[in-house]
Amino acid sequence: MIQKCISCGKEYPIDDIIYTCQCGNLLEVLYDYEDIREKISKEGFRKREIGVWRYLEYLPVENPKKIVSLYEGGTPLYRCDNLAKELGLKELYVKNEGANPTGSFKDRGMTVGVTRANELNIEVVGCASTGNTSASLAAYSARAGKKCIVLLPGGNVALGKLAQAMFYGAKVIQIEGNFDEALEMVIKLAEDKKLYLLNSINPFRLEGQKTIGFEICDQLDWQLPDRVILPVGNAGNISAIWKGFKEFKETGIIEDLPKMTGIQAEGAKPIVEAFKKGSKTIVPEENPETIATAIRIGNPVNYPKALDAIYSSKGFAESVSDREITEAQKLLARKEGIFVEPASAASIAGLIKLIDMEIVDRDEKIVCITTGNGLKDPDAAIRASERPIEIECDMDILQNIIEG
Ligand code: F0G
């Protein structure tokens, strides 16, 4: 097991506490895949409970006794026939990451990231966050007995996420700035060794998140989807899931790879802009803005990995408006009973747009990933809904209303 630069190829031991290569580029964790291939089997996986740790051989842990877990992963993969019918699709699934312990996919990253901190005997962990990362890190560090510092952007962090970070006992600092600025600041703290950084620039966190890809294969009985669609913010998750699929292929579990399709909000779409130009670099956006506050990010750190995932898989990147996001959020709730936060609904909004654009074929087998629970952002849901009908305690009035 090593850390390796995705650009210059320089290798580092896994116990080196670094976040980027000396050349400035991103790192990834790599394994001896021949060794993994000998140790694993589909039947072997099935003997363990579904979840992140079912795929232990692919995870960067030296001493399993150090694992910090809240039973993350193993989220439902719903077959969504009502929505498929509405959209004229053959086979549509939703992988609902909102069912994780703190209500988002971040828990998969944090079980591995905080376990790593445990193995390194680190006492203080930290992150910048639009909300979910901080909620998750706060929970896992509480469970591990570690101190946690989180930096949040000023203004509109969704209420549920803020409540979680505060309640799990993290030191919560809200800056007068956006996520990108918060991340820059926390990276400086990490460079000064004030904390162990658990943003997705940390390649160990992404190792946990790649298990979304593993579970999709597992839950579909190893019959891969043609396409996976997900929201993109700091661009770690799409990179992680792509790595997961590639590792399953390399170790003989699957034969094909799905098209990775990333969706951003119109007000925060540097990766979509790069994709439309066929570019491998992004132009950061100064003032990202969207109702999907989770993905209100103008300078995604993982863009090189994300663009590689999209280009190598022959996938796509598209943006959707706030109105399309809210419409999709409602449609998913009303057709399938799945309540997700706005950023998550970007995957459904993107699917709808890509069908219209004839990028998505109606015969494709599609998995949309919904990344966070709807309860995270109750304000957004209430704003998008009709007010309750208020009446006196009077049976006649009640009867009139339900009949009318
Ligand atoms: N969906 C939700 C619900 C998120 O919270 C995030 C990221 C994303 C999608 C995008 O994932 O960054 O890997 O591309 N939230 C981070 C946070 C930035 O701080 O909670 P990504």
Side-chain angles (χ1 to χ4, degrees), residues 26 75 95-100 102-110 113 126-139 150-153 156-158 160-162 164-165 170 172 174 178-180 182-183 186 197-203 205-206 208-210 212 229-243 260-265 268-272 282 288 290-303 305-307 309-310 317 320 325 329 339-350 368-377 380:
L26 298 168
T75 55
K95 177 78 171 149
N96 189 23
E97 289 295 297
N100 273 296
T102 77
S104 84
F105 69 96
K106 306 287 179 178
D107 295 344
R108 295 179 186 269
M110 290 309 174
C127 68
S129 179
T130 55
N132 281 323
T133 300
S134 61
S136 183
L137 182 57
V150 306
L151 265 69
L152 304 178
N156 50 0
V157 174
K161 306 175 188 181
L162 187 59
Q164 285 178 295
V172 180
Q174 210 157 11
N178 61 29
F179 169 83
D180 302 298
L183 184 57
V186 82
L197 185 62
L198 276 164
N199 279 101
S200 55
I201 194 168
N202 182 327
R205 218 195 82 189
L206 296 185
Q209 290 173 210
K210 77 186 177 187
I212 296 177
I229 307 180
L230 74 160
V232 171
N234 215 16
N237 210 27
I238 191 167
S239 314
I241 296 168
W242 175 238
K243 183 170 187 279
M260 300 303 294
T261 303
I263 309 297
Q264 295 196 292
K269 56 169 165 82
I271 290 188
V272 174
I282 59 158
T290 165
I291 187 181
T293 54
I295 52 171
R296 193 162 58 113
I297 294 174
N299 190 14
V301 291
N302 283 298
Y303 79 81
K305 289 182 179 177
L307 284 169
I310 294 166
V320 288
I325 288 173
Q329 189 190 12
F339 181 28
V340 302
E341 68 166 282
S344 302
S347 61
I348 306 293
C368 284
I369 301 174
T370 54
T371 43
N373 196 298
L375 293 171
K376 292 273 192 176
D377 194 349

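Values below: all heavy atoms of this structure, side chains included; hydrogens, waters and symmetry mates excluded. Counting starts at 1 for both ligands and their atoms, following the listed order. Along the sequence shown, the residues carry numbers beginning at 1.
Between F179 and ligand 1, no N or O atom pair is found at a separation short of 3.5 Å. Geometrically, ligand 1 and G236 share a nitrogen or oxygen pair separated by less than 3.5 Å.
The CD1 atom of I291 lies 11.5 Å from the CZ atom of R296; values are rounded to the nearest 0.5 Å. S344 contributes atom OG, which lies 8.5 Å from atom CG of N373 (distance to the nearest 0.5 angstrom).
When hydrogens are left out, the protein atom nearest atom 15 (N) of ligand 1 is K106 NZ, 2.9 Å; that is the closest non-hydrogen contact. Shortest contact from atom 17 (C) of ligand 1 to any protein heavy atom: T133 OG1, 2.9 Å. Here the heavy atom of the protein found nearest to atom 5 (O) of ligand 1 is N132 ND2, 2.8 Å. The protein heavy atom nearest to atom 12 (O) of ligand 1 is N234 N, 2.7 Å. Closest to atom 11 (O) of ligand 1, if we only count protein heavy atoms, is F105 CZ, 3.5 Å. Protein heavy atom at the shortest distance from atom 9 (C) of ligand 1 is T371 OG1, 3.5 Å. In terms of protein heavy atoms, atom 13 (O) of ligand 1 is closest to N237 N, 2.8 Å.
Contact annotation: for K376 versus ligand 1, there are no heavy atoms closer than 4.0 Å. Heavy atoms of I295 found under 4.0 angstrom from ligand 1 belong exclusively to the side chain. The part of E341 lying near ligand 1 is the side chain, judged by heavy-atom distances below 4.0 Å. Of the heavy atoms in S129, both backbone and side-chain atoms come closer than 4.0 Å to ligand 1.
Closest heavy-atom approach to atom 10 (C) of ligand 1 among the candidates A294, G233, A135: G233.
Put simply, the residue from K161, K376, Q329 that forms a side-chain hydrogen bond (donor to acceptor under 3.5 Å, both in side chains) with E341 is K161. Applying the side chain to side chain contact (heavy atoms under 4.5 Å, CB included) test between D107 and each of N100, T75, N132 identifies N100 as the sole match.
Here the side chains of I238 and I271 are not in contact, with every heavy-atom distance at 4.5 Å or above. Here the side chains of L183 and I297 are not in contact, with every heavy-atom distance at 4.5 Å or above.
Each of the following atoms of ligand 1 lies closer than 4.0 Å to a heavy atom of V232: 14 (O). Here is the list of ligand 1 atoms found below 4.0 Å of a heavy atom in I297: 18 (C). Counting the atoms of ligand 1 from 1 in the order shown, those under 4.0 Å from a heavy atom of T130 are 15 (N), 16 (C), 17 (C), 18 (C), 19 (O), 20 (O).
Look at S104 and you'll find every heavy atom at least 4.0 Å from all atoms of ligand 1. Heavy-atom separations between P231 and ligand 1 include at least one value shorter than 4.0 Å.
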